[in-house]
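Report on one structure; see the data block that follows.
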There are 2 protein chains.
Amino acid sequence: MRIGELAARTGVSVRSLRYYEEQHLLPAVRSSGGHRHYPEPAVHRVALIQHLFSAGLSSRTIGELMVHIDAGVSTPEARSRLIAERDRIERQMTELAEARDRLNEVIEVSYDPDAGCSFRPGPA
Amino acid sequence: MRIGELAARTGVSVRSLRYYEEQHLLPAVRSSGGHRHYPEPAVHRVALIQHLFSAGLSSRTIGELMVHIDAGVSTPEARSRLIAERDRIERQMTELAEARDRLNEVIEVSYDPDAGCSFRPGPA
DNA sequence: CTTGAATCTTCCATCAATGTCAGGTTCTAG
DNA sequence: CTAGAACCTGACATTGATGGAAGATTCAAG
């Protein structure tokens with residue numbers, strides 16, 4: 001399929017798809033005239049890329065993972081790279097949970113104005 | 001305390017602390033000569049700011065939350081703002097979990113090369 | 001063929017947090 | 001008082017994903 005259709009089907013802008021190619025995340029075959037053509041599985045691949053992007057991975061990191069994935073992830077090095085990245089994501093989740101808890105503290109205190117503490121300068 | 005000490009105690013760069021002030025996240029009182037001075041609770045406040053930053057909140061958003069927090073978060077609007085932000089964080093956590101699961105799929109497949117599928121072009 | 005839609009490439013712009021450098025001022029220990 | 005450390009402001013650079021415009025070319029449908 002062509003880039004416009006892929007964009008429509010994935011919800012990713014044409015601009016971004018070209019960027020993904022530039023970053024070696026998403027190869028495309030070219031027509032004689034130079035237009036990009038994608039195989040059906042590209043839809044799935046873009047979805048994966050998007051997931052990794054929204055998990056905060058950089059295009060560089062995603063590119064490295066993709067190399068491993070495309071190669072079949074057979075080597076122990078590749079596997080440990082993937083595992084490392086997964087662990088990084090889990091650490092990030094912990095971080096988020098922390099932030100959420102902090103916000104919850106603030107929210108709960110807001111129901112009980114007498115409970116002081118906190119970071120605010122305050123008159124005391 | 002002065003900015004250098006606050007930086008040392010929080011692990012945040014002096015540059016960033018100045019930026020936080022500029023963004024109205026972290027007020028400072030000024031000495032007659034113009035040097036910033038921070039009260040003890042600033043340490044805690046910086047920690048909170050850092051948590052929110054690493055949760056992906058923008059300085060703009062953090063600033064808005066801080067206003068509510070400093071005001072005592074009494075109004076329903078303030079509370080719903082905080083709750084909305086907490087929910088956004090939880091959605092982000094879901095996103096991360098999704099990405100982690102995707103990676104885990106890839107990792108598991110890597111132990112069992114015959115299990116095909118996936119996004120890679122492949123000779124088939 | 002012709003024509004209009006889709007694509008191509010190449011730039012330049014943006015946003016946000018932070019780094020860094022320069023040149024000047026303040027603070028503090030001796 | 002004085003030297004040197006710490007601080008001040010202001011400016012510019014950076015990184016990364018994306019947006020957007022311009023001008024040329026290709027594709028597909030009639």
Side-chain angles (χ1 to χ4, degrees), chain A residues 1-39 42-43 45-66 85 88-89 92 95-96 99, chain B residues 1-39 42-43 45-66 85 88-89 92 95-96 99:
Chain A
M1 84 197 70
R2 293 192 294 166
I3 197 172
E5 185 182 344
L6 182 59
R9 287 178 58 185
T10 58
V12 174
S13 74
V14 167
R15 175 67 176 86
S16 293
L17 292 178
R18 290 200 263 247
Y19 177 71
Y20 296 170
E21 185 186 44
E22 185 184 312
Q23 300 296 306
H24 309 106
L25 310 184
L26 180 68
V29 299
R30 297 304 186 106
S31 71
S32 55
H35 285 196
R36 292 170 181 83
H37 281 268
Y38 301 91
V43 174
R45 189 177 177 110
V46 169
L48 172 65
I49 292 173
Q50 280 287 289
H51 271 303
L52 297 179
F53 264 123
S54 71
L57 304 224
S58 68
S59 70
R60 174 172 189 72
T61 301
I62 296 176
E64 290 168 14
L65 297 187
M66 282 313 201
E85 220 40 61
R88 213 193 51 75
I89 289 175
Q92 174 73 7
E95 194 92 41
L96 283 178
Chain B
M1 83 197 70
R2 292 193 293 166
I3 197 171
E5 184 183 344
L6 182 58
R9 288 178 58 186
T10 59
V12 173
S13 74
V14 168
R15 174 67 175 86
S16 292
L17 293 177
R18 291 201 262 248
Y19 176 72
Y20 296 169
E21 185 187 43
E22 184 184 313
Q23 300 296 307
H24 309 105
L25 309 183
L26 180 67
V29 299
R30 299 302 187 108
S31 72
S32 54
H35 285 197
R36 292 170 181 81
H37 281 269
Y38 300 91
V43 175
R45 188 177 177 110
V46 169
L48 172 64
I49 291 172
Q50 281 287 289
H51 272 302
L52 297 179
F53 264 123
S54 71
L57 304 222
S58 68
S59 71
R60 175 173 188 72
T61 302
I62 297 176
E64 291 168 11
L65 297 186
M66 283 312 202
E85 222 38 63
R88 212 192 53 74
I89 289 175
Q92 173 73 7
E95 195 94 39
L96 283 177

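Atom set for the values below is all heavy atoms of this structure, side chains included, hydrogens, waters and symmetry mates excluded. Just so it is clear, the model here is predicted, and its values are computed rather than measured. Chain identifiers are assigned alphabetically (A, B, ...) following the order of the sequence lines, protein sequences preceding nucleic acid strands; residue numbering begins at 1 within each chain.
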Review point. Considering residues at least two apart in sequence or located in another chain, which fulfil the ring-ring contact (aromatic ring centres under 6.0 Å, His included) criterion with Tyr38(B)?
Key: none

Review point. Atom CZ of Arg30(A) and atom C1' of dT25(D): how far apart are they, to the nearest Å?
Key: 13 Å

Point to revise | Within-4.5 Å side-chain heavy-atom neighbours: Gln50(A) and Val12(A) | key: yes

**Study point:** Side-chain touch Val46(A)/Arg9(A), heavy atoms, less than 4.5 angstrom
**Key:** no

Check your understanding: dA17(D) phosphate, OP1 or OP2: any side-chain N/O from Tyr19(A) under 4.0 angstrom?
Key -> yes

Practice item. Just jot down the side-chain contact (heavy atoms from CB on, under 4.5 Å) partners of Ser31(A), sequence neighbours excluded, or say none. Key: His35(A), His37(A)

Practice item. Answer yes or no: does a side-chain N or O of Ser16(A) lie under 4.0 Å from OP1 or OP2 of dA17(D)? Key: no

Review point. Excluding sequence neighbours, so at least two apart, what forms side-chain hydrogen bond (donor to acceptor under 3.5 Å, both in side chains) with Ser16(A)?
Key: Ser13(A)

Check your understanding: Any salt bridge (charged side-chain N to carboxylate O under 4.0 Å, His left out) pairs touching residues 55-65 of chain A, not counting sequence neighbours?
Key -> Arg60(A)-Glu64(A), Glu64(A)-Arg81(A)

Exercise for review: Can you see which heavy atom on Leu25(B) is nearest to which on Arg45(B), and at what distance?
Suggested key: O-NE, 2.8 Å

Review point. In whole angstroms, how far is the P atom of dT18(C) from the CD1 atom of Ile49(B)?
Key: 10 Å

Review point. How long is the line joining CD of Gln50(A) and P of dA17(D), in whole Å?
Key: 11 Å

Exercise for review: Using only side-chain N and O atoms of Arg36(A), determine if any of them is under 4.0 Å from OP1 or OP2 of dT26(D).
Suggested key: no

Study note, to complete from the structure: Residues at least two apart in sequence or cross-chain that pass side-chain contact (heavy atoms from CB on, under 4.5 Å) with Val14(B), listed by chain then number, are Ile3(B), Ala7(B), Arg18(B)

Contact list (N/O, under 3.5 angstrom) for nucleotides 10-12 of chain C vs protein:
none

Study note, to complete from the structure: Between Ile62(B) and Ile49(B), the two heavy atoms sitting closest are CD1-O, 4.0 Å

**Study point:** Selection: residues 56-65 of chain A, any non-hydrogen atom under 4.0 Å of DNA chain C
**Key:** none

Exercise for review: Would you list the pairs meeting salt bridge (charged side-chain N to carboxylate O under 4.0 Å, His left out) in which at least one residue belongs to residues 25-35 of chain B, sequence neighbours left out?
Suggested key: Glu21(B)-Arg30(B)

Check your understanding: Looking at residues at least two apart in the chain, or sitting in another chain, which of them share a side-chain contact (heavy atoms from CB on, under 4.5 Å) with Arg88(A)?
Key -> Leu57(A), Glu85(A), Arg91(A)

**Study point:** Whole-Å gap separating C1' (dT18(D)) and CG (Leu25(A))
**Key:** 14 Å

Revision key, fill the gap. Readout for nucleotides 22-30 of chain C: B = base within 4.0 Å of protein heavy atom, S = sugar-phosphate only, - = neither; 5' to 3' it is ----SS---

Review point. Between dA16(C) atom P and Leu52(B) atom CG, what is the distance in whole Å?
Key: 17 Å

Check your understanding: Is there a side-chain polar atom (N or O) of Arg18(A) under 4.0 Å from OP1 or OP2 of dG19(D)?
Key -> no

Review point. dA6(C) P sits how many Å from Leu6(A) CG, rounded?
Key: 16 Å

Review point. Got a sec, which residues hit side-chain contact (heavy atoms from CB on, under 4.5 Å) with Tyr19(B), two or more places apart in sequence or on another chain?
Key: Arg15(B), Gln23(B), Ser59(B)

Point to revise | Length of the line joining Met1(B):CE and dA6(D):P, which is rounded to integer Å | key: 17 Å

Check your understanding: On DNA chain D, nearest-nucleotide positions of Val14(B) versus Tyr20(A): which is more 5'?
Key -> Val14(B)

Practice item. Starting from P on dA28(D), measure out to CD on Glu5(A) and report it in whole angstrom. Key: 12 Å

